[in-house]
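Some notes on the structure that comes next.
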2 protein chains.
Amino acid sequence: MTINEELTHELLAFFNGFSSWENSIVRSSELTVSEAHAVEVLGEHEKMNMKGLAQKLGVTTGTTTVTVDRLEKKNLAYRESTKEDRRVNYIVLSDIGKNVFEEHHAYHLHLTEQMTSVLDDDEISQFLNTLKKINAETF
Amino acid sequence: MTINEELTHELLAFFNGFSSWENSIVRSSELTVSEAHAVEVLGEHEKMNMKGLAQKLGVTTGTTTVTVDRLEKKNLAYRESTKEDRRVNYIVLSDIGKNVFEEHHAYHLHLTEQMTSVLDDDEISQFLNTLKKINAETF
DNA sequence: ATTGTATTGTTTGAACTTCAAAATATATGA
DNA sequence: TCATATATTTTGAAGTTCAAACAATACAAT
């Protein structure tokens, strides 16, 4: 087994673990999975248009329209039209939406703490560096 | 921003990047998303029962029943009953299923290679070690 | 052996998610 | 002004999911 094969295996396990964890968190909240993902992205970005949000979510804009409709219905976010380009809607979290985001974000922080609790300081900063590189170069 | 907050941010970006990548790979194949995940897990495990598969996938056994039904319909896997416990079905990949797995696995290996191409050898083995620890302790 | 309880897996119905393609509205360049 | 490009929405069909109810089998304790 080459190191890349081993790494592939661990990456998959990591991804699946993360995914299961995320699903169980979302299921225990009032959000659906796609709503939660959207809130997660919007919470980090202040203002996004539909296309940008769709790209970040990895889905089509059609799908994103449906998701944002639902967020609006739940008063978690709203569309804000702009003068510069009247085709564009900016999607913004409402105050309620921001609270929901913070709550969800706290869970993530807690998960991160759980992960780093088994690592020493050097490992943690090395891990962070590696992730930064990979994110910048690969995705 | 604490290191855990920074790490949370990078982990999320990593997860989303991985997720988008996986979705685009799956969409270009003849598999649906849930079928692909199941094949991915089954390819690594030889024999699994429904409960084990469901746990690995992070979904209920009901959902898994539907997924495996579909895999059987496509001749990618089959149920194998066992004498020891007649409630249990083992799910096994067919030869076609194994080929599909290998093909998908090759994509993963390619992604891993892309990631490691921006890292030096020490970083790679450190990254692998850290992932192993996290997978063992957190998920 | 019989009975009660636990476990494994399936079925069902309803809600959610997704895409592709067509449609709408607006922008931009020739 | 016209053609083309871009941003978003709408639509319809296929897939995905859960929870809850159900069926079959196992197991433990009398």
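Throughout, a chain's letter reflects where its sequence line sits, starting with A, and its residues are numbered from 1.
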Checklist outcome for this item: Going 5' to 3' through nucleotides 4-10 of chain C and flagging B where a protein heavy-atom sits under 4.0 Å of the base, S where only the sugar-phosphate is that close, and - otherwise, we get --BBSSB
Next on the checklist: Salt bridge or not between A:K74 and A:D69? Use side-chain N to carboxylate O under 4.0 Å.
Outcome noted: no
Next on the checklist: Could you tell me how far apart B:K73 (NZ) and D:dA14 (C1') are, to the nearest whole angstrom?
Outcome noted: 13 Å
Next on the checklist: Need to verify one output field. Residue with the more 5' nearest nucleotide on DNA chain C, A:T67 or A:K83?
Outcome noted: A:T67
Checklist entry - Separation of A:E84 atom CD from C:dA25 atom P, in whole Å? => result 21 Å
Next on the checklist: Do B:L31 and A:V59 land in one hydrophobic cluster if side-chain heavy atoms of ILVMFWY residues count as linked below 4.5 Å?
Outcome noted: no
Next on the checklist: Between the side chains of A:K132 and B:E10, is the shortest nitrogen-to-carboxylate-oxygen separation below 4.0 Å, so that they form an ion pair?
Outcome noted: no
Next on the checklist: Side chains of B:S117 and B:E113 only: does a donor on one sit below 3.5 Å from an acceptor on the other?
Outcome noted: no
Checklist entry - Any link between A:L71 and A:M48 through a network of hydrophobic side chains (Ile, Leu, Val, Met, Phe, Trp, Tyr) touching at under 4.5 Å? => result yes
Checklist outcome for this item: Here the distance between atom C1' of D:dG15 and atom CG of B:L57, to the nearest Å, is 15 Å
Item to check | Comparing B:K74 and B:T63 on DNA chain D - which has the more 5′ nearest nucleotide | outcome: B:K74
Checklist outcome for this item: Side-chain contact check for A:V59: nearest option of C:dA27, C:dT18, D:dA26 is C:dT18
Item to check | A:L11-A:F15 co-clustered via ILVMFWY side chain contacts under 4.5 Å | outcome: yes
Item to check | Backbone N/O of B:L119 and side chain of B:T116: donor-acceptor pair under 3.5 Å | outcome: no
Next on the checklist: Between C1' on D:dA14 and CZ on B:R70, what's the gap in Å once rounded to a whole number?
Outcome noted: 8 Å
Checklist entry - Given axes from five pairs at either end, by how many degrees does the helix from C:dA1-D:dT30 to C:dA30-D:dT1 bend, rounded to 10°? => result 30°
Checklist entry - For residues B:E5 and A:H108, is any side-chain donor paired with an opposing acceptor at under 3.5 Å? => result no
Next on the checklist: Taking A:N75's backbone N and O only, do any of them form a donor-acceptor pair with A:S94's side chain (distance below 3.5 Å, no angle check)?
Outcome noted: yes
Item to check | Close residues, residues 11-40 of chain A, relative to DNA chain C [heavy-atom separation under 4.0 Å] | outcome: A:T32, A:V33, A:S34
Checklist entry - Is a donor on one side and an acceptor on the other found under 3.5 Å between the side chain of A:H45 and the backbone of A:V41? => result yes
Checklist entry - Would a distance-only check, ignoring hydrogens and angles, find a side-chain to backbone donor-acceptor pair under 3.5 Å from B:Q55 to B:G52? => result no
